Amino acid sequence: MILEQKQFNIQQIAESGQCFRMDPIAEGRYAVVAFGRYLEIRQLEEEKLLLSCGEKEFHDLWKHYFDLEFDYGPLVARLSEGADAFLREAVLFGQGLRILRQEPFEALISFLISQNKNIPAIKRSVQLLCQQYGELSEWASASGRRVSYFTFPTPEVLAAADPEDLRRTGVGYRDVFIIKTAQLIADGTVDLEASKHLPGPEAIARLKSLPGVGDKVANCVSLFGLHHLDGCPVDVWIARAMDEIYSGCFDWTQYTGYCGVVQQYLFYYMRSNYGK
DNA sequence: GGCCAGGTGTTCG
DNA sequence: CGAACACATGGC
């Protein structure tokens, strides 16, 4: 189906480091697996996309996944006219970014793996994790083309994983973190769905009770998995911006309620333009 | 081959 | 409290 949509650039989203299962399949085309489903997306024009699903699946799943109920227009307009010149540049550069509404458990395990890894390495481990512990599924286009893919593993499966097998996915020392965290989710000690309805700071506190989940990972999960927009992950790139661009004088409080979105524009801009 | 990566837990002042 | 260190692995 064709989708006319502002503030939606699939390349920017795919390269924004919030999701590790969105990959280029051809020029301007990406494939993503989420909620057990497979989708291909092609950017036709700045505000026009071709999605491989039908209207029903779009309304039932993808519309929400891509946060299309929310209009980023006013936010982009306000930030791109604000007093902060660097942020103005960052927002103009990443105007097509959106905060995805990912599955909480997938976000949790993905960002648990992300610690002390670069993005290509994270994607590799997540892919191997799905191949090894997910379910094989198949998608067929209207024309009959078939694509097989793996769903993201459930908490129960990872809770029962053998550390040695798990290490074959390249997760290294994070193996025990993943297994113990999966156990605490599987047995209900931490309820991710319920955490969606908690105040952001409280959700973060609960996430940090999980092994291997510190401040950074908890904020990523809160932002990308629970859609608490005040979650604000500070990784090496954001820290670099705070230090080198803002000389330690960035005031997050002026963006209360949506710091995570601001953070995402800065992250994408920094990584795209200030990398080595 | 060495440094770095969307860090965290532990230990030691 | 904060600083220093280990941790396993792959990208560049």
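Everything quoted here is computed from the prediction, not taken from an experiment. To find a chain, count down the sequence lines: A is the first, B the second, and so on, and within it residues start at 1.
- Taking the C1' atoms as reference points, dG9(B) lies 22 Å from dG10(C), given to the whole Å.
- To the nearest angstrom, C1' of dT8(B) lies 15 Å from NZ of K117(A).
- Aromatic ring centres of F111(A) and F20(A): separated by under 6.0 Å.
- Per the geometry, CZ belonging to R168(A) stands 13 Å off P belonging to dT9(C), to the nearest Å.
- Residues P233(A) and K208(A) both approach DNA chain B. Their nearest nucleotides, taken by heavy-atom distance, put P233(A) toward the 5′ side.
- Both Q115(A) and A121(A) sit near DNA chain C, but only Q115(A) has its closest nucleotide nearer the 5' end.
- Paired with Y133(A) under the rule side-chain contact (heavy atoms from CB on, under 4.5 Å), one option of L128(A), V157(A), T151(A), T154(A) passes, and it is V157(A).
- Base engagement by S16(A) is indicated by at least one non-hydrogen atom pair under 4.0 Å involving a base atom.
- At a threshold of 4.0 angstrom between heavy atoms, the contacts of G17(A) include nucleobase atoms, whether or not backbone atoms are also involved.
- Closest to the side chain of K216(A), out of dG7(B), dG11(C), dA8(C), is dG7(B).
- One atom, CZ of R124(A), and another, P of dA8(C), lie 17 Å apart when rounded to the nearest Å.
- Side chain Y173(A) to base dG7(B): a donor-acceptor pair is found below 3.5 Å.
- Comparing dA8(C) with dA5(B), their C1' atoms are spaced 13 Å from each other, to the whole Å.
- Residue contacts for V234(A): at a heavy-atom cut-off of 4.0 Å it reaches no nucleic acid atom on any strand shown.
- If you find the closest nucleotide of DNA chain C to R174(A) and to N118(A), the one lying nearer the 5' end belongs to R174(A).
- Proximity of a side-chain donor or acceptor of Q102(A) to a complementary backbone N or O of Q18(A) within less than 3.5 Å is detected.
- Using a 4.0 Å heavy-atom criterion, one finds that F224(A) contacts the bases of the nucleic acid, with or without backbone contacts as well.
- In this structure, CD1 of I13(A) is placed 19 Å from P of dG6(B), rounded to the nearest angstrom.
- Rounded to whole Å, the distance from CD on Q263(A) to C1' on dG6(B) is 8 Å.
- Annotation: dC12(C) and dG7(B) have their P atoms spaced 16 Å apart (nearest Å).
- Phosphate proximity of dA5(B) to R240(A): present, with a side-chain N or O under 4.0 Å from OP1 or OP2.
- Between the CH2 atom of W237(A) and the P atom of dA5(B) there is a distance of 7 Å, rounded to whole Å.
- When the options L108(A), T169(A), I109(A) are evaluated for a side-chain contact (heavy atoms from CB on, under 4.5 Å) with I178(A), the one that passes is I109(A).
- dA8(C) atom P lies 14 Å from atom CG of L166(A), rounded to whole Å.
- Of the two residues contacting DNA chain B, namely S114(A) and F177(A), the nearest-nucleotide position lying further toward the 5' end is that of S114(A).
- The local environment of CZ in R88(A) is crowded, with over 12 non-hydrogen atoms from other residues, nucleotides or ligands closer than 6.0 Å.
- In this entry the distance linking CG of N116(A) with P of dG6(B) reads 10 Å, nearest Å.
- Only the P atoms considered, dC5(C) is 15 Å distant from dC3(B), to the nearest whole Å.
- Both geometric conditions, a ring-centre gap below 5.5 Å and a plane tilt below 30°, are fulfilled for F267(A) over the base of dG6(B).
- Between the R21(A) side chain and the V32(A) main chain, no donor and acceptor come within less than 3.5 Å of each other.
- Side-chain atoms of Y269(A) and E89(A) form a donor-acceptor pair, as typed in the model, at a separation below 3.5 Å.
- Contacts of V217(A) with the nucleic acid, taken as non-hydrogen atoms under 4.0 Å apart, involve only primed sugar atoms and P, OP1 or OP2.
- Rounded to whole Å, the C1' atom of dG6(B) lies 22 Å from the corresponding atom of dA4(C).
- When heavy atoms are screened at a 4.0 angstrom cut-off, D175(A) is found touching no nucleic acid atom at all.
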